[in-house]
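Residue numbering restarts at 1 for every chain, and letters A, B, ... go by the order of the sequence lines.
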Amino acid sequence: MTADLQELDYEQQRLQNIRDNQALLLSLGLSTPTKLIPSKPNTSLRKKANLNARRRTLEPSEEKQNRRRSYVSQNADNDSVSDNGLRRSARNQGRVLNYARENSPPAWKRTYKYESDSDAAGGESDDGMDGRQRNAKRMGVRTQNPKTFGHISGVEVGRWWASRMEASTDAVHAPTVAGISGNATVGAYSVALSGGYPDDVDLGEAFTYTGSGGRDLKGTKQNPKNLRTAPQTSDQTFENSLNAALKRSAETKKPVRVIRGFKLQSPYAPTEGYRYDGLYTVEKAWMGTGLTNGLLVCRYAFKRVRGQDPLPVRDLERERMEMEEE
DNA sequence: AGAAGGCCCTAT
DNA sequence: ATAGGGCCTTCT
């Protein structure tokens, strides 16, 4: 088969999958159109968001931090949705946990630290001039536990990060590569939408999501590799712990934190970096056909929890026009 | 304690 | 484009 025909096949299959996913969302009553809000940012609100964005202690790059935000939170108070069950605040009241238990790795590679850890500061001031001196491996100090359900205290809907690493430091989505965080027993804490599966549908208030697994990340014996992503070569299954986590979430209906990334092809994606879009529930989990050789994938339908700030919507058409003017 | 998976990131 | 690695989490 020619390359052209293959591409055509792929695109046909992609469009068909999108139709299927849209139909699925519709069947769940999740296709209600969301009202558009102007994409032009309100300046007074932007000032407020910049203040909020400033509160992280370690800034790897001032330049990145000052980049234009694609989203401005309209309401920094997060009283609209509770943390749904886990008594995190009660249990941890009055102290900052060191979530690393016994078997702690050495301090230089420890994942969680007290903000007030004296050895964390290491005596040096972190001026960032010589960013590699202390804790070269760490991008920041985590003060919240990512293994909790619901909002992370102090992180408002709309918070923006330049990288997955920063979102991980803020405990909103812990994995730096994986899209799903969680386990089969308690369910998923969070997911990242980064456009890795181009047949997923994003309606903002609802979306479909594809599971993980089914890839050869290590290559073959002859041709060993050390990859983080690769083409799919086998069926995904719900045995995969991350897929099982989301399946579990569909049962428990516990809220899942969602971040959207710049690579996502959607009017709800940020133009750069990653953005916290609040809490969703998993409404359904099922198996479907993916885009690679008819291999199976795990699919999920997400629904946004009510009462949260509306999502920003980009006018992709207008952006395309403006691009052409350059 | 170690291995392995994973919708990153960056240098070449 | 792609090669390779740093990082965090879950599972053995």
Worksheet item: In whole angstrom, what separates Leu217(A)'s CG from dC7(B)'s C1'?
Response: 12 Å

Item to complete: Measure from the side-chain heavy atoms of Lys218(A) and tell me the nearest of dA3(C), dG5(B), dC8(B).
Response: dG5(B)

Response to the item:
The nucleotide from dA3(C), dT10(C), dT9(C) with an atom nearest the side chain of Lys225(A) is dA3(C)

Worksheet item: Thinking salt bridges, do Glu322(A) and Arg318(A) make one under a 4.0 Å N-O criterion?
Response: yes

Worksheet item: Base, sugar-phosphate, or nothing: which does Asn243(A) touch, judged by heavy atoms less than 4.0 Å apart?
Response: nothing

Practice prompt. Find out whether Leu246(A) and Phe302(A) are in side-chain contact, i.e. whether some heavy atom of one side chain is under 4.5 Å from a heavy atom of the other.
Written response: yes

Practice prompt. Could you tell me how the ring of Phe238(A) sits relative to the ring of Tyr300(A): parallel (under 30°), tilted (30 to 60°) or perpendicular (over 60°)?
Written response: perpendicular

Item to complete: May I ask you to test the Phe149(A)-Ser190(A) pair for a side-chain heavy-atom distance under 4.5 Å?
Response: no

Discussion item. Applying side-chain contact (heavy atoms from CB on, under 4.5 Å) to Arg304(A) and Thr281(A), what does each step give before you reach the verdict?
Written reply: CA-CA 6 Å; Arg304(A) 196 157 191 251; Thr281(A) 50; over 6 Å; no

Practice prompt. Starting from P on dA1(C), measure out to CG on Leu227(A) and report it in whole angstrom.
Written response: 17 Å

Worksheet item: Where along residues 177-188 of chain A does a heavy atom fall under 4.0 Å from DNA chain B?
Response: Val177(A), Ala178(A), Gly179(A)

Worksheet item: Salt bridge between Asp202(A) and Arg260(A), side-chain N to carboxylate O under 4.0 Å?
Response: yes

Worksheet item: Is any side-chain N or O of Arg142(A) closer than 4.0 Å to OP1 or OP2 of dT9(C)?
Response: yes

Worksheet entry | Partner of Arg299(A) by side chain to side chain contact (heavy atoms under 4.5 Å, CB included), out of Leu24(A), Asn243(A), Asp200(A) | Asp200(A)

Discussion item. Both Asn240(A) and Arg164(A) contact DNA chain B. Taking the nearest nucleotide for each, which residue is further toward the 5' end?
Written reply: Asn240(A)

Worksheet item: When the distance from CH2 of Trp161(A) to C1' of dC9(B) is rounded to whole Å, what number comes out?
Response: 18 Å

Discussion item. Does any part of the side chain of Val313(A), heavy atoms only, come nearer than 4.5 Å to the side chain of Tyr268(A), both counted from C-beta?
Written reply: yes

Worksheet entry | Atom pair distance, as rounded to whole Å: CD in Glu239(A) and C1' in dG5(B) | 16 Å

Worksheet item: Between Tyr189(A) (OH) and dT9(C) (P), how many Å, whole number?
Response: 10 Å

Item to complete: Rounded to the nearest angstrom, tell me the gap between atom CZ in Arg248(A) and atom P in dT10(C).
Response: 16 Å

Item to complete: Remember a base hit wins even if backbone is also touched, and classify Ser212(A) as base, sugar-phosphate or nothing at under 4.0 Å, heavy atoms.
Response: sugar-phosphate

Practice prompt. Give Tyr274(A) one of three labels, base, sugar-phosphate or nothing, depending on what nucleic acid heavy atoms sit under 4.0 Å from its own.
Written response: sugar-phosphate

Worksheet, complete the sentence: Separation of dT10(C) atom P from Lys147(A) atom NZ, nearest Å, is 4 Å

Fill in: Leu242(A) or Asn226(A), whichever maps to the more 5' nucleotide of DNA chain C
Asn226(A)

Item to complete: May I ask you to decide whether Asp216(A) forms a salt bridge with Lys218(A), counting only side-chain N to carboxylate O separations under 4.0 Å?
Response: no

Discussion item. Which residue in the set Leu193(A), Leu264(A), Val201(A) passes side chain to side chain contact (heavy atoms under 4.5 Å, CB included) when paired with Phe207(A)?
Written reply: Leu193(A)

Practice prompt. Could you provide the dot-bracket string of DNA chain B, using ( ) for intrastrand pairs, [ ] for crossing pairs and | for bases paired to another strand, with Watson-Crick or G-U pairs below 3.5 Å?
Written response: ||||||.|||||

Worksheet item: Within the pair Ser241(A) and dC11(C), is there a side-chain N or O less than 4.0 Å away from OP1 or OP2?
Response: yes

Practice prompt. Return the value, rounded to whole Å, for the distance between atom CG of Asn223(A) and atom P of dT2(C).
Written response: 12 Å

Fill in: Of the listed nucleotides dC7(B), dC9(B), dC7(C), the one nearest the side chain of Ser163(A)
dC9(B)

